[in-house]
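Comments concern the structure below.
Residue numbers count from 1 along this sequence.
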Amino acid sequence: MVSLGILSLISTLFLVLAVPTTASSSKLSPNYYDNACPKALPAIKRVVEAAINKERRMGASLLRLHFHDCFVHGCDASLLLDSTSAFDSEKKAGPNKNSTRGFEVIDQIKSEVDKVCGRPVVSCADILAVAARDSVVVLGGPTWAVQLGRRDSTTARKTTAEKDIPTPLMNLTDLINIFKKHGLDERDLVALSGAHTIGFAQCFTFRDRIYNETNIDPKFARKRRLTCPRTGGNSNLAALDPSHANFDVRYFNKLLKKRGLLHSDQELFNGGSTDSLVEAYSSDAKAFWADFAKSMVKMGNINPLIGKKGQVRLNCRKVN
């Protein structure tokens, strides 16, 4: 997810966040693997870059995996687990079923990282966090210091995923409340929603908006109806942003013109408390980048398993 002069910002915007400078088993740190496996992060970057170069859409998919993981009981890679006799996979939950993708890329990353480290030292949860950051960077967005040291969950929570992941149909009040539940405020909501500057959505997620809602540009609605009929074509894709392979501010510009693809997108600019943030980001890429990076770190800190909690999975799809 680069236009509108954003490329020129890459060399000037590098966020160095206030974080511990030494690794610790009791708290997250960007230096967690410096001694245990200094080749880990470069290995993750290589696989992410190769995957996105092969398919640009994959960047948005990898970013989304981290988001959907963190919103279900914290950033613990529970989303990656396949179903067992003990639990149902979160992949089967409504917000994830036939929607989340990129699991094979995470498998590739895990294999490569374990190879360069000589042992399974990097958790799947940390892989998700770093892959999300690297995806944004590849698509022209900001970078940030990823806090590391998470461990992996030994269970999945399909029921929690059903109710704790925001949906495309939510109104502003519901969006604010569900983000607040996870310790995220309105600025985090709008900044993180800016991730929709990259990627696509399936027809069934925006059908009602383009046929029935009134706070939508008529020309935009007509265009979207061409590939999203009233019935059928549920999986037909439409870009969330015209520059869907570049991490820019056009997503916010679209909202100002009532061209948000999802109902939840347009709710951010519909006469409510978040209007001013949308307006600010639409004309200030540097502010959006800075807030997005801060919010990604904040989201990545939701209930991590640290110390002796959880495990470092040998296979991201199953418990050791």
Go through the steps for K110 and R317 under the test side-chain contact (heavy atoms from CB on, under 4.5 Å), then give the verdict. CA-CA 11 Å; K110 176 64 173 172; R317 295 175 182 261; over 6 Å; no
Could you tell me the separation between the OG1 atom of T197 and the NE2 atom of H244, rounded to the nearest 0.5 Å? 10.5 Å
In terms of hydrophobic clusters joined by side-chain contacts under 4.5 Å, are Y211 and F206 together? yes
Nearest heavy atoms of G260 and D265, plus distance in Å: CA-CB, 4.3 Å
List, one per line, each side-chain donor-acceptor pair under 3.5 Å for residues 222-231, sequence neighbours excluded.
{"unit_1": "R225", "atom_1": "NE", "unit_2": "I210", "atom_2": "O", "d": "2.8"}
{"unit_1": "R225", "atom_1": "NH2", "unit_2": "I210", "atom_2": "O", "d": "2.7"}

Are L65 and L81 connected in a single hydrophobic cluster, I mean Ile/Leu/Val/Met/Phe/Trp/Tyr linked by side-chain heavy atoms less than 4.5 Å apart? no
Is there side-chain contact between N253 and S282, with at least one heavy-atom pair below 4.5 Å? yes
Return the orientation label for the F71 and F179 ring planes: parallel under 30°, perpendicular over 60°, tilted otherwise. perpendicular
Do S264 and T167 make a side-chain contact, defined as non-hydrogen atoms from C-beta onward lying under 4.5 Å apart? no
Indicate the atoms forming the closest heavy-atom contact of A221 with I216, along with that distance. CB-CD1, 4.0 Å
Please step through side-chain contact (heavy atoms from CB on, under 4.5 Å) for the pair K163 and K181, ending with a clear verdict. CA-CA 12 Å; K163 61 185 179 66; K181 179 179 180 178; 3.7 Å; yes
Value rounded to 0.5 Å, distance of NE2 in H66 from CE in M299: 4.0 Å
Would you check if V121 and V312 make a side-chain contact, meaning some heavy-atom pair closer than 4.5 Å? no
Side chains of S83 and K92: closer than 4.5 Å at any heavy-atom pair? yes
Hey, any chance L184 and V146 share a hydrophobic cluster, counting ILVMFWY side chains that come within less than 4.5 Å of each other, even indirectly? yes
Looking only at atom types and distance, does a side-chain atom of R151 sit under 3.5 Å from a main-chain N or O of G307, one as donor and one as acceptor? yes
Sidechain N-carboxylate O distance under 4.0 Å for R150, D69: no
Check against salt bridge (charged side-chain N to carboxylate O under 4.0 Å, His left out), K257 and D217: CA-CA 7 Å; K257 299 175 181 177; D217 173 59; over 6 Å; no
Roughly how far, to the nearest 0.5 Å, is CG of D164 from CD1 of I178? 5.5 Å
Just checking, is any N or O donor in the side chain of Y33 or D126 under 3.5 Å from an acceptor N or O on the other one? yes
Taking side-chain hydrogen bond (donor to acceptor under 3.5 Å, both in side chains) as the criterion, tell me which of N96, D82, T100 meets it with K91. D82
Does D107 offer a backbone N or O that forms a donor-acceptor pair with the side chain of S111 under 3.5 Å? no
Going by side chain to side chain donor-acceptor pair (under 3.5 Å), name the residues that satisfy it together with N315, two or more places apart in sequence or in a different chain. none
Output, in order, the C-alpha distance, side-chain angles, deciding distance and verdict of side-chain contact (heavy atoms from CB on, under 4.5 Å) for R209 and L262. CA-CA 7 Å; R209 171 156 170 73; L262 305 178; 5.7 Å; no
Spell out, as yes or no, whether a donor-acceptor pair under 3.5 Å connects the side chain of Q266 to the backbone of L255. yes
Once the angle between the rings of W144 and F292 is folded into 0 to 90°, is it parallel (under 30°), tilted (30 to 60°) or perpendicular (over 60°)? perpendicular
Determine the minimum heavy-atom distance between A245 and L139, stating which atoms define it. O-CD2, 3.3 Å
Taking the side chain as every heavy atom from C-beta outward, state whether F204 and S99 have any atom pair closer than 4.5 Å. no
Is a side-chain N or O of D188 found less than 3.5 angstrom from the main chain of D185, in a donor-acceptor match? yes
Using the rule that Ile, Leu, Val, Met, Phe, Trp and Tyr join whenever any side-chain heavy atoms are under 4.5 Å apart, tell me whether L41 and V136 fall into a single cluster. yes
Indicate the atoms forming the closest heavy-atom contact of L314 with P120, along with that distance. CD2-CG, 3.3 Å
So K254 and D241, salt bridge (charged side-chain N to carboxylate O under 4.0 Å, His left out) or not? Walk me through it. CA-CA 8 Å; K254 277 186 53 182; D241 177 333; over 6 Å; no
Given the rule in the side-chain contact (heavy atoms from CB on, under 4.5 Å) test, do Q202 and L237 qualify, once you have shown the distances and angles that lead to the verdict? CA-CA 5 Å; Q202 297 184 65; L237 297 174; 3.8 Å; yes
Which residues share a side chain to side chain donor-acceptor pair (under 3.5 Å) with S61, sequence neighbours left out: R101
Would a distance-only check, ignoring hydrogens and angles, find a side-chain to backbone donor-acceptor pair under 3.5 Å from K318 to T84? no
With sequence neighbours left out, the residues meeting salt bridge (Lys or Arg N to Asp or Glu O under 4.0 Å) with K158 are E162
Closest non-hydrogen atom pair, A201 against L240: CB-CD2, 3.9 Å
K309 atom NZ: more than 12 heavy-atom contacts under 6.0 Å: no
Can you tell if the side chain of L80 reaches within under 4.5 Å of the side chain of R313, non-hydrogen atoms only? yes
Nearest 0.5 Å, please: how far is CZ in R157 from CZ in F87? 9.5 Å
Close side-chain approach of D76 and N303, heavy atoms under 4.5 Å: no
Looking at D152, is its backbone amide N or carbonyl O close enough to the side chain of Q311 to form a donor-acceptor pair, meaning the two atoms are under 3.5 Å apart? no
Taking only distance into account, with no hydrogens and no angle test, what donor-acceptor pairs under 3.5 Å do side-chain atoms of residues 267-274 form with protein atoms, sequence neighbours excluded?
{"unit_1": "E267", "atom_1": "OE1", "unit_2": "L172", "atom_2": "N", "d": "2.7"}
{"unit_1": "E267", "atom_1": "OE2", "unit_2": "N270", "atom_2": "ND2", "d": "3.4"}
{"unit_1": "N270", "atom_1": "OD1", "unit_2": "N215", "atom_2": "ND2", "d": "3.1"}
{"unit_1": "S273", "atom_1": "OG", "unit_2": "E186", "atom_2": "OE1", "d": "2.9"}
{"unit_1": "S273", "atom_1": "OG", "unit_2": "E186", "atom_2": "OE2", "d": "3.4"}
{"unit_1": "T274", "atom_1": "OG1", "unit_2": "L268", "atom_2": "O", "d": "2.7"}

With a sphere of 6.0 Å drawn around NE2 of H263, does it hold more than 12 non-hydrogen atoms of other residues, nucleotides or ligands? yes
For I302 against C70, the heavy-atom pair lying closest together: CG2-O, 3.8 Å
Do V278 and M170 share a hydrophobic cluster (ILVMFWY, side-chain heavy atoms under 4.5 Å, transitive)? yes
Can you measure from CD1 (I127) to CD (Q108) and round to the nearest 0.5 angstrom? 11.5 Å
Taking the side chain as everything from C-beta on, heavy atoms only, tell me whether D134 gets closer than 4.5 Å to E49. no
Taking atom CG of N98 as the centre, report whether more than 12 heavy atoms of other residues, nucleotides or ligands fall under 6.0 Å from it. no
Which residues share a ring-ring contact (aromatic ring centres under 6.0 Å, His included) with F103, sequence neighbours left out: none
Could you grab the distance from atom CG of L63 to atom OG of S135, nearest 0.5 Å is fine? 7.0 Å
